[in-house]
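A, B, ... follow the sequence lines: proteins, then strands. Residue 1 opens every chain. The shown structure was predicted, so the numbers you read here are calculated from the model rather than taken from an experiment.
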Amino acid sequence: MPELPEVEAVCRVVRRPLRGRRIVSAHVSRRRVCAPQTPEEFARAVTGRRFRAVERRGKNILIHLDGVTIWVHLRMTGNLYTIADARLRPVSVSAHLVLDNGRSLVFDDPRGLGVMRAIPAERLARALGPMGVDPLAPEFTPERFVALARSSRAAIKLFLMDQRRIAGLGNIYAAEALYCARIDPRSIGARLSSARLRRLHAAIVAVLSNAIKSASLAYQRPGGFAEAEEFDPAVYGREGLQCRRCRGRIRRIQQGGRSTYFCPRCQSGPHHVRRADRIRPG
DNA sequence: CTGCCCCTGTAA
DNA sequence: TTACAGGGGCAG
């Protein structure tokens with residue numbers, strides 16, 4: 001379930017119980033989670049090391065030990081938390097680390113799509129691959145955003161979700177930000193005015209900051225944030241329902257193989273490229 | 001760009 | 001039973 005706000009919440013929650021602790025042992029119950037490393041290699045790489053810092057970059061969690069970083073990506077259903085007794089861990093746990101105070105850090109992931117790998121410090125940047133600017137970092141300025149968006153010929157929602165451009169926006173908050181800024185998700189970035197793009201920039205920051213607040217509050221107990229979720233989307237998952245702003249009807253379309261929700265009445269655009277606008281090849 | 005894959009759970 | 005799910009990587 002996690003997008004940037006939930007990943008940030010996970011980091012905040014896990015920071016305190018890990019502070020100063022050492023890893024006594026590591027156990028992988030789903031080989032895929034640390035592939036292409038073997039569970040043995042993973043365990044060897046992290047056992048005995050001490051926690052130094054927990055950092056978020058986009059939707060990635062970096063748990064820095066001395067000399068090695070545990071790279072965690074929660075994907076769709078991953079969750080990270082500590083429990084008092086590893087024997088009480090749920091069956092959906094992909095891996096767990098036993099700490100020197102007896103507690104355990106568990107990577108709970110029902111769908112098993114998540115990733116937890118040990119990366120030596122010198123190989124970290126390469127392992128993470130090309131990553132865009134984090135929308136909550138100071139470098140995420142309106143100017144930078146406008147320039148980025150202006151250079152994109154993709155539909156604006158796909159652009160927002162491209163982690164190589166902006167790291168951290170996912171399907172929910174991309175849709176919510178576009179709704180907030182009243183921009184049609186099918187709009188082409190390069191064709192949007194800088195005024196509208198600046199509005200979108202502000203919307204992204206506002207939507208994410210707000211979501212972090214509710215995610216941090218909601219995510220306090222093991223078991224996940226799903227049931228505690230207080231955040232109620234304006235468009236996401238509301239197909240057929242009434243728009244709260246204009247009483248239009250929320251629509252669902254497909255973009256990049258995923259659902260996009262928006263209000264066709266109050267989210268307008270320079271629209272997706274129409275046939276008539278295209279220049280004939282040849 | 002699209003479609004398919006990874007995997008499991010849930011709802012219609 | 002099918003469709004869909006807030007992730008991303010890959011092939012075509």
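Stems are defined here as 3 or more consecutive Watson-Crick or G-U wobble pairs with pairing distances under 3.5 Å; those involving DNA chain C are B:1-6 with C:7-12, B:8-12 with C:1-5.
With a 6.0 Å radius and a threshold of 12 heavy atoms from other residues, nucleotides or ligands, R123(A) has its CZ atom at or below the threshold.
Note: CZ (R252(A)) to C1' (dA12(B)) measures 12 Å, nearest angstrom. Rounding to whole angstrom units, CD of residue Q163(A) and C1' of dG6(C) are separated by 12 Å. Between L128(A) atom CG and dG8(C) atom C1' the separation is 14 Å, expressed in whole Å. In this structure, L4(A) atom CG and dG7(C) atom P are separated by 11 Å, rounded to whole Å. Taking atom OH on Y236(A) and atom P on dC4(C), their separation rounds to 12 Å, with Å as the unit.
For dG6(C), neither phosphate oxygen OP1 nor OP2 lies less than 4.0 angstrom from any side-chain nitrogen or oxygen of Y261(A). Phosphate contact (OP1/OP2 of dA5(C), side-chain N/O of S259(A), threshold under 4.0 Å): present. Residue K59(A) has a polar side-chain atom (N or O) positioned under 4.0 Å from OP1 or OP2 of dG8(C). The phosphate of dC7(B) (OP1 or OP2) has no side-chain N or O of R30(A) nearer than 4.0 angstrom.
Comparing dT1(C) with dC6(B), their C1' atoms are spaced 22 Å from each other, to the whole Å. Distance check on atom P: dT2(C) versus dC5(B) gives 15 Å, rounded to whole Å. With P as the reference atom, dA5(C) and dT2(B) are 16 Å apart, rounded to whole Å. Here the separation of dG6(C) from dA12(B), taken at their P atoms, is 16 Å to the nearest Å.
Using a 4.0 Å heavy-atom distance criterion, R164(A) is classed as making no nucleic acid contact.
Taking 4.0 Å as the cut-off between side-chain N and carboxylate O, K157(A) and D162(A) do not count as a salt-bridged pair. Looking at R75(A) and D109(A), no side-chain N of the basic residue comes within less than 4.0 Å of a carboxylate O on the acidic one, giving no salt bridge. Between R249(A) and E239(A) no salt bridge is recorded (no basic side-chain N to carboxylate O distance below 4.0 Å).
Panel note: side chain T77(A), backbone R111(A); a donor-acceptor pair is recorded below 3.5 Å.
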ask   = What string of B, S and - do you get for nucleotides 1-6 of chain B, 5' to 3', if B is base contact, S is sugar-phosphate-only contact and - is no contact with any protein heavy atom under 4.0 Å?
value = SS---B

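Here F262(A) is tied into one hydrophobic group with I253(A), each link being a pair of ILVMFWY side chains closer than 4.5 Å. Under a 4.5 Å side-chain heavy-atom cut-off, the cluster of Ile, Leu, Val, Met, Phe, Trp and Tyr residues that includes L128(A) is completed by L62(A), W71(A), V115(A), I119(A), L124(A), M131(A).
Evaluation of atom-type donor-acceptor distances gives no pair under 3.5 Å for the side chain of E3(A) against the base of dG7(C).
R44(A) is linked by a salt bridge (charged side-chain N to carboxylate O under 4.0 Å, His left out) to nothing, counting only residues two or more places apart in sequence or in another chain.
Pairing each heavy atom of R30(A) with each of P110(A), the nearest pair is NH2-O, 3.7 Å.
Listed by first and then second residue, the ring-ring contact (aromatic ring centres under 6.0 Å, His included) pairs involving residues 83-105 of chain A are H27(A)-H96(A) (not counting sequence neighbours).
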